[in-house]
Amino acid sequence: MINLIKKLWYNQGLRYLFFGGCTTLVNLVIFNVLVYTFQINYTVSNIISVIAAILFAYVVNKLFVFSSSCSSWKEVLSEFYRFVLGRLSTMVIEVGGVYVLVQFIGQSKWLAKLETQVIVVIVNYFISKFLVFKHTQPERD
C-alpha cells in the first residue's frame, strides 16, 4: 500500500489533479461565500475567487507539483509573472464562460462555475508544465 501511495505521489499528472482539485475547492468556496453569504455580484465574486485561487495554485504548483527551484529572486519573479499571465488568460475563459452560461444560456451560477473549472484546470496544466515551471526537478520513477 505504501508503494502504491509513493507511486501515485511521484506521478506529476496525479499530483496536479490533486492540487488542481484543492485549487478548484478554494475557488469554489470563496465564490460561494461571496455570492451566497455576502450577496456580492457573481462577476465580482468570480474575479476575487479566481485571484485567491491563482495565489494558492502558484504556491502548491511550485512546491508540490513541479518542484520548481529558482537560483535567484529574479527567476522567482519571472516564474510568478509567467504563472499569473497564464492564469489571467484562463481567467478570461472562466469569467467570460460563467457570464455567457448564466446570462445567455440560463444556467445556474454554480453549474456554470463548475463547468468552466474543468476547462480551466486542463488548460492551466499545459501552461504550467510547458511555459511556467522551467526550473523543475526531474520525475522519480
Side-chain angles (χ1 to χ4, degrees), residues 1-70 72-141:
M1 183 64 159
I2 298 291
N3 287 337
L4 176 62
I5 292 170
K6 284 181 180 179
K7 186 175 182 176
L8 292 173
W9 176 255
Y10 290 130
N11 183 299
Q12 185 182 71
L14 291 177
R15 283 194 317 269
Y16 182 81
L17 283 177
F18 174 77
F19 288 109
C22 293
T23 300
T24 299
L25 188 60
V26 166
N27 191 333
L28 293 174
V29 167
I30 292 172
F31 176 79
N32 280 299
V33 167
L34 293 174
V35 168
Y36 298 109
T37 302
F38 295 109
Q39 302 296 310
I40 296 173
N41 174 277
Y42 74 90
T43 300
V44 173
S45 298
N46 201 12
I47 291 167
I48 293 168
S49 68
V50 170
I51 290 169
I54 287 170
L55 296 173
F56 176 82
Y58 176 73
V59 173
V60 297
N61 277 287
K62 178 173 184 54
L63 298 177
F64 304 117
V65 177
F66 298 102
S67 302
S68 175
S69 62
C70 298
S72 70
W73 280 105
K74 183 178 177 183
E75 282 183 7
V76 171
L77 290 174
S78 175
E79 180 181 79
F80 181 71
Y81 177 74
R82 289 190 310 271
F83 186 84
V84 169
L85 280 180
R87 294 300 166 112
L88 288 176
S89 68
T90 58
M91 182 178 158
V92 171
I93 294 169
E94 184 174 340
V95 172
V98 169
Y99 181 81
V100 167
L101 291 171
V102 170
Q103 292 299 317
F104 299 109
I105 307 294
Q107 286 188 337
S108 73
K109 296 168 192 141
W110 171 250
L111 181 59
K113 179 77 172 169
L114 198 56
E115 288 173 341
T116 59
Q117 286 299 293
V118 173
I119 297 165
V120 165
V121 166
I122 293 167
V123 173
N124 281 339
Y125 176 75
F126 290 103
I127 289 172
S128 293
K129 183 167 180 70
F130 297 111
L131 300 176
V132 176
F133 295 107
K134 297 178 179 183
H135 307 284
T136 61
Q137 302 294 324
E139 288 284 319
R140 294 185 191 174
D141 291 328

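Basis for what follows: all heavy atoms, side chains included, without hydrogens, waters or symmetry-related copies.
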Worked verdict on Asn61 versus Ser128 for side-chain hydrogen bond (donor to acceptor under 3.5 Å, both in side chains): CA-CA 8 Å; Asn61 277 287; Ser128 293; 4.9 Å; no
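- Counting only heavy atoms from C-beta outward, the side chains of Glu75 and Ser69 never approach each other to under 4.5 Å.
- How far CZ of Phe56 is from CG of Leu25: 8.5 Å, rounded to the nearest 0.5 Å.
- Rounding to the nearest 0.5 Å places CD of Gln103 at 7.5 Å from OG1 of Thr43.
- Side-chain atoms of Thr23 come within 3.5 Å of backbone atoms of Phe19 as a donor-acceptor pair (strictly under, hydrogens ignored).
- Aromatic ring pairs are classed by plane angle as parallel below 30°, tilted from 30° to 60° and perpendicular above 60°; the pair Phe83 and Phe133 is tilted.
- The OG1 atom of Thr24 lies 9.0 Å from the CG atom of Asn124; values are rounded to the nearest 0.5 Å.
- Within the 4.5 Å cutoff, the side chain of Lys109 has no heavy atoms near those of the Val98 side chain.
- The two residues Ala52 and Ile30 have their closest heavy-atom pair at CB-CD1, 3.4 Å.
- The two atoms that bring Phe66 and Gln12 nearest to each other are CD2-NE2, 3.1 Å, heavy atoms only.
- Of the options Ile48, Ile47, Asn46, Val50, a side-chain contact (heavy atoms from CB on, under 4.5 Å) to Phe31 is made by Asn46 and by none of the others.
- Side-chain atoms of Ile54 and Val84, non-hydrogen and from C-beta on, do get closer than 4.5 Å to each other.
- Side-chain atoms of Tyr125 do not come within 3.5 Å of backbone N or O of Leu17 as any donor-acceptor pair.
- Note that CD of Gln117 is 4.5 Å distant from CG of Asn27, once rounded to the nearest 0.5 Å.
- Residues Ala112 and Gln107 approach most closely at CA-OE1, 3.9 Å, considering heavy atoms.
- Atom CD1 of Ile127 sits about 12.5 Å away from atom CZ of Arg82, to the nearest 0.5 Å.
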List the steps and the verdict of side chain to side chain contact (heavy atoms under 4.5 Å, CB included) for Leu114 and Leu28. CA-CA 8 Å; Leu114 198 56; Leu28 293 174; 3.9 Å; yes
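- By the 30° and 60° cut-offs, the orientation of the rings of Tyr42 relative to Tyr99 is parallel.
- When side chains are defined from C-beta on, Leu14 does not count as touching Phe18, because their heavy atoms never get closer than 4.5 Å.
- Atom CG of Leu88 sits about 11.5 Å away from atom CD of Glu94, to the nearest 0.5 Å.
- At least one donor-acceptor pair under 3.5 Å links the side chain of Thr116 to the backbone N or O of Lys113.
- No side-chain heavy atom of Phe38 sits under 4.5 Å from any side-chain heavy atom of Ser45.
- The aromatic rings of Tyr58 and Phe80 stand perpendicular to each other, their planes meeting at an angle above 60°, with 30° marking the opposite boundary.
- For Tyr81, the OH atom counts as loosely surrounded, since its 6.0 Å shell holds 12 or fewer non-hydrogen atoms of other residues, nucleotides or ligands.
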